[in-house]
Amino acid sequence: MLGPDSRLLTALLVSASAALLVAAIRFRLLPVKALCGALSIAVAMTGGIAAVNYYYGYYTTWGQLWADFHGGSTGNLGVIAASTTSSQLESGRIGWVNLPGKLSRYNRRGLVYLPPQYGEARYAHVRFPVVELFHGTPGSPLSWNTVLKISQLADSLISKHLMGPMVLAMPAINGVGHDYQDCVNSPSLKDETYLTVDVRSDLFAHYRVSRDPYQWGLTGYSSGGFCTANLALRHPSSFGAAAVIEGYYRAADGPAGSALKRSQPLEAANSPLYLAERLTANSGPVPAFWVAAGTHFKSSDYQPASMFVAALDRIQQVPFYRLNAADTANAWAAAVPEALTWLWQQLAPPDLRVLFPVRGHSLGAIALPVQPIKPDHHHYGPCVLVKSSAGPAPACGKPPYWKVGKTAHHTTVRA
């Protein structure tokens, strides 16, 4: 099938561009030469886009691409209401919601996933943890469902007891017309305000979600990974954990730089790498971080991620999930299940851990229980020592509150 992620499509577009270029050289009439040259450039650019789509696996069907770029819905995605009930205990619900911004004055649509337990009478008293999921650029909230199948994935992780029930909110990180704003505030933009304040207020108003900021998490891929790292460090008291998948870590390295009009002060204030480098043991609580990066582009993906992890390692030990170099198409899809299972371990309070027990290990690692250090306050769960190919890496519930002596440490554990 000649889908948008087909190598044949890329080859055909490159061949067509070359043929048009030859035609532009051989034809004598100036208008024809100009037309062929313009078409050659346009087709070559389309071929480049197709090659990127093939490499990363953004869209695998034409329907996904059409729905994403036109704001439509696919399948049975409709409008999901706060009072929805689950007809099947093993399936959650996902649908469109309006997420108007009182402070930002942005009015955008997003997707919300409600776990199966949300509609069950016996859990009517439960306020669920929340994870905001940020899509990439280009893209829309629909990418989470059409490309990454987030509702099926969440249902599977919950049914296999690898993750407890969480509400997943997928707001739009860019404005209408797909201007690439990448979650920042500037003199002309208020995306940061929208995503950190307005979306939360909307969910408070309409859904049974936790009001404890340490039960709110972030994750995102590509540009959404940048948003995750940047917003978590700029609003550390608003989130408990952040999972960054194939993000970038300096505003100048992605669309955020253009959104900030290349202002050096704004870029410095919105670059997660620089924010992490300025952290000290006395900086106060910092959300727990988890990072995934592929080795296929070492200079643009893996090395910046390594630098970011190294900067954070001065105050907390960050689990670093290395994507296999062979994971070229849709590389981040392999990391999403790991990110969600880790986020549950960070965000779930003790009562929900008892109510919804999960297995003691993530999908790709073995977790060995260790005796935790007694916290001074606000502790959500035990530490585990994760044994993986990358070596042991402790993961703790609300690590900023684990203390040894007078200094707060993210990952200090005691066997």
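Position 1 is the first residue of the sequence; numbering continues from there. Just so it is clear, the model here is predicted, and its values are computed rather than measured. Only heavy atoms go into these numbers, but all of them, side chains included; no hydrogens, no water, no symmetry mates.
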Visitor: Which heavy-atom pair separates Thr219 from Ala339 by the least distance, and what is that distance?
Guide: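 So the minimum-distance heavy-atom pair works out to OG1-CB, 4.2 Å.
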
Visitor: Do Arg211 and Phe204 form a cation-pi contact, if we require the NZ or CZ to be under 6.0 Å from the six-membered ring centre and within 45 degrees of the ring's axis?
Guide: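 Yes, Arg211 sits over the ring of Phe204.
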
Visitor: Can you name the closest pair of heavy atoms from Ser91 and Asp155 and give their distance?
Guide: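 Answer, listing the atom of Ser91 first, then Asp155: CA-OD2, 3.6 Å.
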
Visitor: Hey, is the main chain of Pro287 close enough, under 3.5 Å, to the side chain of Gln316 for a donor-acceptor pair?
Guide: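 Present.
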
Visitor: In Å, rounded to the nearest 0.5 Å, how long is the span from OG of Ser201 to CG of Leu103?
Guide: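 It comes to 7.0 Å.
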
Visitor: Let's go through Tyr302 and Phe320 carefully: what are the C-alpha distance in whole Å and the side-chain angles of both, what is the deciding distance for ring pair (Phe, Tyr, Trp, His ring centres under 6.0 Å) to 0.1 Å, and is it a yes or a no?
Guide: CA-CA 10 Å; Tyr302 189 78; Phe320 193 0; 5.5 Å; yes

Visitor: So do Val126 and Ser210 actually touch side chain to side chain, heavy atoms under 4.5 Å?
Guide: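 No, side chains not in contact.
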
Visitor: Closer than 3.5 angstrom, by distance alone: can the side chain of Arg234 be matched with the main-chain N or O of Asn270 as a donor-acceptor pair?
Guide: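 No, because the side chain of Arg234 does not come within donor-acceptor range (under 3.5 Å) of the backbone of Asn270.
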
Visitor: Between the side chains of Arg353 and Gln345, does any donor sit under 3.5 Å from an acceptor?
Guide: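 Distance-only check passes for Arg353 and Gln345.
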
Visitor: How about Leu189 and Tyr106: do any of their side-chain heavy atoms sit closer than 4.5 Å?
Guide: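 SC-SC contact between Leu189 and Tyr106 confirmed.
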
Visitor: Would Phe356 and Tyr123 count as a side chain to side chain contact (heavy atoms under 4.5 Å, CB included) if you check the C-alpha gap in whole Å, the side-chain angles of each, and the deciding distance to 0.1 Å?
Guide: CA-CA 11 Å; Phe356 305 110; Tyr123 301 127; 3.6 Å; yes

Visitor: Strictly distance-based, threshold 3.5 Å: is any side-chain N or O of Tyr118 a donor or acceptor partner for the main-chain N or O of Arg208?
Guide: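 It does hold such a pair.
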
Visitor: Looking at CG of Leu347 and CG of Leu352, how far apart are the two atoms once the value is rounded to the nearest 0.5 Å?
Guide: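 One gets 10.5 Å once the value is rounded to the nearest 0.5 Å.
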
Visitor: Using modelled atom types only, decide if a donor and an acceptor are shared between the side chain of Ser222 and the backbone of Gly224 within a distance under 3.5 Å.
Guide: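 Not confirmed, Ser222 side chain does not pair with Gly224 backbone.
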
Visitor: State, with a plain yes or no, whether a side-chain heavy atom of Lys149 is found less than 4.5 Å away from one of Leu153.
Guide: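 Heavy-atom side-chain distance check fails, nothing below 4.5 Å.
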
Visitor: Within this structure, what is the CD1-CG distance for the pair Ile150 and Leu142, rounded to the nearest 0.5 Å?
Guide: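 Nearest 0.5 Å value for the CD1-CG distance: 12.5 Å.
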
Visitor: Roughly how far, to the nearest 0.5 Å, is CG of Asn174 from OG of Ser223?
Guide: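 Reported value, rounded in 0.5 Å steps: 7.0 Å.
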
Visitor: Less than 6.0 angstrom separating the ring centers of Tyr248 and Phe308, yes or no?
Guide: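 Ring-ring flag for Tyr248/Phe308: false, centres at least 6.0 Å apart.
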
Visitor: So, Arg250 and Glu267, do they make that salt bridge, N to O below 4.0 Å?
Guide: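 Here Arg250 does not pair with Glu267 in a salt bridge, since their nearest N and O are not under 4.0 Å apart.
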
Visitor: Under a 3.5 Å distance rule, please check whether Arg108 uses its side chain to pair with a backbone N or O of Ala172 as donor and acceptor.
Guide: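 Side chain of Arg108 to backbone of Ala172, a donor-acceptor pair under 3.5 Å: yes, one is there.
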
Visitor: Examine the side chains of Ser159 and Ser156 and answer whether a donor and an acceptor come within less than 3.5 Å of each other.
Guide: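 Note: Ser159 and Ser156 side chains miss the donor-acceptor criterion.
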
Visitor: Any side-chain heavy atom of Thr341 within less than 4.5 Å of one from Glu338?
Guide: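 The answer is yes, as the side chains (C-beta and beyond) meet within the 4.5 Å cut-off.
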
Visitor: Can you give the donor-acceptor pairs under 3.5 Å from side chains of residues 21-41 to other protein atoms, not counting sequence neighbours?
Guide:
unit_1: Lys33; atom_1: NZ; unit_2: Ala24; atom_2: O; d: 2.7
unit_1: Lys33; atom_1: NZ; unit_2: Ile25; atom_2: O; d: 3.3
unit_1: Lys33; atom_1: NZ; unit_2: Phe27; atom_2: O; d: 3.1
unit_1: Ser40; atom_1: OG; unit_2: Ser17; atom_2: O; d: 2.9
unit_1: Ser40; atom_1: OG; unit_2: Ser17; atom_2: OG; d: 3.3

Visitor: Is there a side chain to side chain contact (heavy atoms under 4.5 Å, CB included) between Val112 and Ile94? Walk through the geometry before answering.
Guide: CA-CA 6 Å; Val112 167; Ile94 188 170; over 6 Å; no

Visitor: Please report the C-alpha distance between Thr280 and Ser283 in whole Å, then the side-chain angles of each, then the deciding distance to 0.1 Å, and finally whether the side chain to side chain donor-acceptor pair (under 3.5 Å) criterion is met.
Guide: CA-CA 5 Å; Thr280 68; Ser283 295; 3.2 Å; yes

Visitor: For the residue pair Tyr194 / Asn185, report whether a side-chain donor-acceptor contact shorter than 3.5 Å exists.
Guide: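 Asn185 vs Tyr194: no donor-acceptor pair found between side chains.
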
Visitor: Establish, from distance only, whether the side-chain atoms of Ser104 and Asp191 form a donor-acceptor pair under 3.5 Å.
Guide: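 On atom types as modelled, these side chains do not qualify, holding no pair under 3.5 Å.
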
Visitor: Which is it for Arg122 and Gln117 under the side chain to side chain contact (heavy atoms under 4.5 Å, CB included) test, yes or no, and what are the steps along the way?
Guide: CA-CA 8 Å; Arg122 57 178 169 164; Gln117 294 81 1; over 6 Å; no

Visitor: So that I know where these two stand, are Phe289 and Trp342 an aromatic pair - ring centroids less than 6.0 Å apart?
Guide: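 Between Trp342 and Phe289, which both carry aromatic rings, the centre distance is not below 6.0 Å.
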
Visitor: Any side-chain heavy-atom pair from Leu133 and Leu148 closer than 4.5 angstrom?
Guide: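 The answer is no; the side chains never approach within 4.5 Å.
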
Visitor: Using modelled atom types and a 3.5 Å cut-off, is there a donor and acceptor pairing between side-chain atoms of Asp202 and backbone atoms of Gly101?
Guide: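 Absent.
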
Visitor: Just so I know, are the side chains of Glu132 and Val199 near enough to count as touching, which here means a heavy-atom distance under 4.5 Å?
Guide: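 Yes; the side chains approach each other to less than 4.5 Å.
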
Visitor: Kindly determine whether Glu246 and Leu323 satisfy side chain to side chain contact (heavy atoms under 4.5 Å, CB included), including the steps that lead there.
Guide: CA-CA 9 Å; Glu246 289 274 63; Leu323 297 171; 3.8 Å; yes

Visitor: Would you name the heavy atoms of Cys183 and Ile173 that are closest together and state the gap between them?
Guide: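 For Cys183 and Ile173, the tightest heavy-atom pair comes out as SG-CB, 3.6 Å.
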
Visitor: Which pair of non-hydrogen atoms, one from Pro255 and one from Thr137, has the smallest distance, and what is that distance?
Guide: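 Here Pro255 and Thr137 meet closest at CG-CG2, 4.3 Å.
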
Visitor: If we only count heavy atoms from C-beta on, is the Leu312 to Leu279 side-chain gap below 4.5 Å?
Guide: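 SC-SC contact between Leu312 and Leu279 confirmed.
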
Visitor: Kindly give the heavy-atom pair with the smallest separation between Met163 and Val358, and that separation in Å.
Guide: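 So the two residues come closest at C-CG1, 3.6 Å.
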
Visitor: Look only at the side chain of Ser143 and the backbone of Ser140, and say whether a donor-acceptor pair between them is shorter than 3.5 Å.
Guide: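 Confirmed, Ser143 side chain pairs with Ser140 backbone.
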
Visitor: Say whether, by atom type as modelled, one donor and one acceptor occur between the side chain of Ser271 and the main chain of Tyr274 under 3.5 angstrom.
Guide: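 Here the side-chain-to-backbone pair does not exist.
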
Visitor: Hey, is CZ on Arg105 packed in by over 12 heavy atoms from elsewhere, all under 6.0 Å?
Guide: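 Atom CZ in Arg105 is not crowded, with 12 or fewer foreign heavy atoms closer than 6.0 Å.
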
Visitor: For a quick test of reading the model, state the closest non-hydrogen atom pair linking Trp290 to Ala335 and the distance between them.
Guide: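 In this case the closest contact between Trp290 and Ala335 is CH2-O, 3.7 Å.
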
Visitor: Counting only N and O atoms by type, is there a donor-acceptor contact under 3.5 Å from the side chain of Arg127 to the main-chain atoms of Val209?
Guide: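 Yes; judged by distance alone, with no hydrogens or angles, the pair exists.
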
Visitor: Hey, does Val130 have a side-chain heavy atom less than 4.5 Å from the side chain of Phe239?
Guide: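 A side-chain contact is absent here, since even the closest heavy-atom pair is not under 4.5 Å.
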
Visitor: For Phe134 and Trp144: C-alpha separation, side-chain torsions, deciding distance, then whether ring pair (Phe, Tyr, Trp, His ring centres under 6.0 Å) applies.
Guide: CA-CA 9 Å; Phe134 300 140; Trp144 281 103; 8.9 Å; no

Visitor: Is it true that the side chains of Thr196 and Arg200 contain a donor and an acceptor less than 3.5 Å apart?
Guide: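 Side chains of Thr196 and Arg200: no pair found under 3.5 Å.
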
Visitor: Using the rule side chain to side chain contact (heavy atoms under 4.5 Å, CB included), only one of Phe128, Tyr207, Tyr113, Trp216 pairs with Val167; which is it?
Guide: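 Running side chain to side chain contact (heavy atoms under 4.5 Å, CB included) over Phe128, Tyr207, Tyr113, Trp216 with Val167 returns exactly one hit, Phe128.
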
